[in-house]
Structure formats: structure tokens, C-alpha cells
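Reviewing the structure listed below.
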Number of protein chains: 2
Amino acid sequence: MSETKEKIVALAGQLVRKKGFNAFSYKDISDPLEIRNAAVHYHFPAKSDLGTEVIGCELEKFAENVEKWKGLPEDKQIMKLVEVFQKHNKNGMVCLMGSLAPDFETLSAPMQKKLQQMGNEMLDWLAEKLEKGRRKKLLRFEGHAYDRALLIMTNLQSSLLLSRVLGPSVFNRISERVLKDLK
Amino acid sequence: MSETKEKIVALAGQLVRKKGFNAFSYKDISDPLEIRNAAVHYHFPAKSDLGTEVIGCELEKFAENVEKWKGLPEDKQIMKLVEVFQKHNKNGMVCLMGSLAPDFETLSAPMQKKLQQMGNEMLDWLAEKLEKGRRKKLLRFEGHAYDRALLIMTNLQSSLLLSRVLGPSVFNRISERVLKDLK
DNA sequence: AAATATACTTACTTATAGATAAGTAAGTAA
DNA sequence: TTACTTACTTATCTATAAGTAAGTATATTT
């Protein structure tokens with residue numbers, strides 16, 4: 001991938017997380033990168049292509065993290081996930097799912113599919129860590145691991161959304177409570 | 001409020017919840033109501049005015065519900081809240097906060113303020129019901145009631161978002177677990 | 001009966017969106 | 001050296017967005 005193309009994807013990722021997919025335009029990308037609108041279209045003919053790439057990138061990053069965390073005990077791996085969200089919160093960004101899910105109906109089929117893939121992969125990963133962590137007595141919770149994964153994921157996602165509206169401390173209160181509840 | 005004006009607000013509310021604030025236009029309102037674009041501008045000079053009214057309406061509806069539920073025990077009142085979200089889920093809609101929070105930065109100051117007000121009122125109400133319900137031994141949970149309110153609110157909010165992406169059963173799994181965790 | 005307010009319509013403006021066609025400079029490969 | 005690719009630019013298109021000015025029909029008030 002050329003340097004410009006990578007810059008476009010990175011900037012688009014930020015814009016999606018800061019303003020939402022339908023609220024940014026190619027101009028928001030071409031202006032800061034000091035290229036023409038058509039240059040963005042050269043790399044990504046349609047906006048949907050750019051959106052799909054942004055989600056793909058996120059999937060890759062998640063896969064890299066999972067690989068990196070592999071050696072850690074399950075409770076620590078989950079803490080690492082929380083830290084990823086914490087970093088987003090610090091930068092005033094919401095997660096991709098939080099940003100794209102509300103506009104889901106307006107997204108192209110490829111974007112919808114990639115977003116589903118992302119959601120499933122993250123939930124499956126989290127459910128597995130929860131289940132293994134519980135078996136090893138590192139974690140404590142009731143019910144199916146997958147249901148618990150859903151609860152934690154939705155807590156993290158919406159904590160970023162609410163933080164934006166009610167102030168960044170909301171994230172900390174939520175993430176601390178989530179981790180305490182698992183002990 | 002005139003009949004047309006009410007229809008406009010109702011439809012705008014649906015559009016916000018289905019497509020997001022930045023993804024619908026006055027045409028999406030004027031066409032189905034069989035009026036002209038300018039008629040919508042007559043009632044709501046700027047889109048932001050319409051958005052503010054939509055949130056105001058939601059606040060009123062919430063206040064009415066709270067009044068209606070007043071006699072019930074706290075655990076039942078919380079179940080009523082869950083039912084409101086369930087209804088949204090059935091109609092493929094997300095809640096106002098879930099829809100508007102991602103685009104928060106692109107909203108006008110009055111819309112931002114009203115949204116904050118909405119978030120605070122709902123969280124304060126929920127925290128109070130949790131606290132009272134715990135004191136009466138109707139509910140069981142650890143930590144501050146406000147923190148628990150944050151967790152439950154984010155679960156409900158994001159369950160609607162995730163449901164849209166991964167299928168409507170997600171909402172049921174989450175809401176059931178939320179209620180079980182309080183017993 | 002005249003004046004005024006309400007609730008619109010017609011007909012427009014301005015701005016911006018996403019997208020495309022055609023061209024070009026620089027590099028690569030046969 | 002010719003052919004072709006990559007990575008753009010310039011210039012433009014079409015569609016649509018939000019918004020407005022001016023006119024009109026109807027009902028209400030004075």
C-alpha cells in the first residue's frame with residue numbers, strides 16, 4: 001500500500017471515530033493531506049470502499065493485538081482490551097462499532113458484512129478468554145461466557161459514547177466497575 | 001403544536017433512530033408527508049431546531065413514563081425501562097443517545113445541551129431506583145448505584161446497536177442477563 | 001370589511017457532496 | 001524505444017443538501 005493510501009485510511013479512521021461515517025467528506029481527507037479530491041477517489045473509487053478498508057484495518061489491528069497478548073493470563077488479556085478502549089477515550093474517539101452501528105442501514109453491503117465480521121470476532125475472542133479465565137479461577141461471573149462477553153462489550157462501547165456526552169470520567173467509572181465485577 | 005408539526009417531529013424521531021441525524025434530509029420528511037421542503041423549514045427553520053425538538057419530545061415521553069410507573073416497586077420500574085428498549089429493538093430502532101452520541105461533535109450547541117440533559121435525567125432516575133430497590137432488598141448489586149446505572153444504561157444502549165449488526169436476539173440475551181444480575 | 005396571523009407553496013440560491021473524464025509526469029519492463 | 005503502469009491533477013458533472021424570499025389561501029381578530 002502506497003504512503004498516501006495509508007495516510008488516507010488512517011485519517012478516514014479518525015474521522016469515522018470522531019464525526020461518524022456520514023458526517024465526513026473526501027474534502028476532509030484531501031485538504032489536510034494536501035492532495036486533490038480525485039486522488040482520494042483514485043485509491044478508493046467509492047466512499048464505501050474507503051469505509052470497508054477502515055474496518056479491515058481495524059480487524060488486522062485486533063488480530064495483531066490478540067497475537068501479542070497470547071502469552072498473558074486471561075484476566076490480563078481482558079485488561080489489555082479495556083486499555084485499548086481507554087486510549088480511544090483519551091483521544092475523544094468512539095470505537096468503530098459505536099460509530100458505524102447507528103448508521104448501519106445506510107452502509108453498503110460490503111461495509112455491513114465487514115462490520116458483522118468484526119463484531120463476531122471480538123465477541124468470540126472475549127467469550128473464549130472469559131470462559132478460560134473462569135475455569136482457571138482467574139475470573140468470576142455467572143451465566144454463559146458469551147452473554148457475559150456481550151455485556152462487557154456493550155459496556156465498553158457505550159462508555160465511549162456516553163463519555164463524549166457526559167464527560168470522560170464516565171469511561172473510568174464504567175471500566176473500573178466492569179473489571180471489579182469479574183473478580 | 002399543529003398536526004403537521006407533530007407529524008414532522010414524529011417522523012424525524014424515527015429517521016434519527018433508523019438512519020442517524022446526519023443521514024436524513026428534509027426531503028425524507030417532506031416526501032412521505034406530502035408537503036414541500038419549505039414547509040418543514042417553516043416549522044423548523046434549521047435542522048438543528050428539529051433535532052432539538054426531537055430530543056425534547058423524548059424527554060417529555062420519559063417524564064410521562066416515570067410518572068406512570070411511580071407506584072410500582074423499583075425492580076418492576078426498571079423492568080419497564082427495559083421494555084421500552086425492547087420495543088425499540090422490535091422496530092429496528094436504536095435509542096436517541098445511541099444514535100446521536102457518535103455524531104455529538106457535529107451537533108449544534110442546543111442539541112448537545114439537550115442530549116446531556118436527557119442522559120443525566122435518565123441516569124439519575126435509574127440510579128435512584130437502584131438505590132431504593134437495594135435498600136428494600138428488591139435488588140442486589142455491588143458498588144455505587146450510579147455506577148451500576150451507568151453499566152445498565154450502556155448495556156441497553158449498545159444492545160440496540162449490536163442487535164442491528166448481529167441480529168435482534170442480541171438484545172434479549174443482554175436484557176435477560178442484566179435483569180438476572182440484579183437478583 | 002379590513003387587517004392580521006397561520007400555514008403553507010412556488011421558485012429559487014448557495015454550497016457541497018460523491019463521482020468521473022481526460023490528461024500528465026515519472027517510473028518500470030520488454 | 002515503445003508500451004504500459006502508478007499516482008496523481010485539472011476540470012467538470014450531477015445530485016442533493018440546507019436554507020430563503022416572496023406569494024397565496026384560509027381562518028381569526030378588530
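Please read all numbers here as calculations on a predicted model, not as lab measurements. Numbered from 1 within each chain, the chains take letters A, B, ... in sequence-line order. Values below: every heavy atom of this structure, side chains too, minus hydrogens, waters and symmetry copies.
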Please work out if [X] contacts a base, only the sugar-phosphate, or nothing of the nucleic acid, heavy-atom cut-off 4.0 Å.
X: B:Phe44; result: nothing
X: B:Tyr26; result: sugar-phosphate
X: A:Lys5; result: nothing

Open item on the list: Can you tell me if A:Ser25 touches the phosphate of C:dT16, counting only side-chain N or O atoms and a distance under 4.0 Å to OP1 or OP2?
Closed with: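 So the side-chain polar atoms of A:Ser25 never come under 4.0 Å of the phosphate oxygens OP1 or OP2 of C:dT16.
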
Task: Contact under 4.0 Å: B:Thr4 side-chain N or O vs C:dA7 OP1/OP2 - done: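 No.
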
Task: Ring-face cation contact, B:Tyr42 with B:Lys5, 6.0 Å cut, 45° max - done: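 No, B:Lys5 does not sit over the ring of B:Tyr42.
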
Task: Salt-bridge present (A:Lys132, A:Glu128; N to O < 4.0 Å) - done: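 Yes, this pair counts.
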
Task: Short N-O contact, A:Glu58 and A:Arg17, less than 4.0 angstrom - done: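 So A:Glu58 pairs with A:Arg17 through a salt bridge.
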
- [ ] Indicate whether the side chain of A:Glu121 and that of A:Gln117 have a donor and an acceptor atom separated by less than 3.5 Å.
- [x]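 There is such a pair (donor and acceptor under 3.5 Å, judged by atom type) between the side chains of A:Glu121 and A:Gln117.
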
Task: Donor-acceptor pair between A:Ser108 and A:Ser48 side chains, under 3.5 angstrom - done: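 A:Ser48 and A:Ser108 do have a side-chain donor-acceptor pair below 3.5 Å.
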
TODO: For DNA chain D, note the earliest and the latest nucleotide, 5' to 3', having some atom under 4.0 Å of a heavy atom belonging to chain A.
DONE: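 Boundary nucleotides touching chain A, in 5' to 3' order, are D:dT6 to D:dT10.
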
How many whole angstroms separate atom [atom1] of [X] from atom [atom2] of [N]?
X: A:Lys27; N: C:dT16; atom1: NZ; atom2: P; value: 7 Å
X: B:Glu6; N: C:dA7; atom1: CD; atom2: P; value: 12 Å
X: A:Arg36; N: C:dA21; atom1: CZ; atom2: C1'; value: 18 Å
X: A:Asp28; N: C:dG18; atom1: CG; atom2: C1'; value: 13 Å
X: B:Ile35; N: C:dT6; atom1: CD1; atom2: P; value: 18 Å
X: A:Asn37; N: C:dA17; atom1: CG; atom2: P; value: 9 Å

Task: A:Asn89 vs A:Ser163, side chain to side chain donor-acceptor pair (under 3.5 Å): CA-CA, chis, key distance, verdict - done: CA-CA 8 Å; A:Asn89 187 54; A:Ser163 266; 3.3 Å; yes

Task: C:dA5 - base-pair partner by Watson-Crick or wobble geometry, distances under 3.5 Å - done: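 C:dA5 is paired, partner D:dT26.
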
TODO: Kindly determine whether B:Asp103 and B:Asn22 satisfy side chain to side chain donor-acceptor pair (under 3.5 Å), including the steps that lead there.
DONE: CA-CA 8 Å; B:Asp103 302 357; B:Asn22 288 314; 3.2 Å; yes

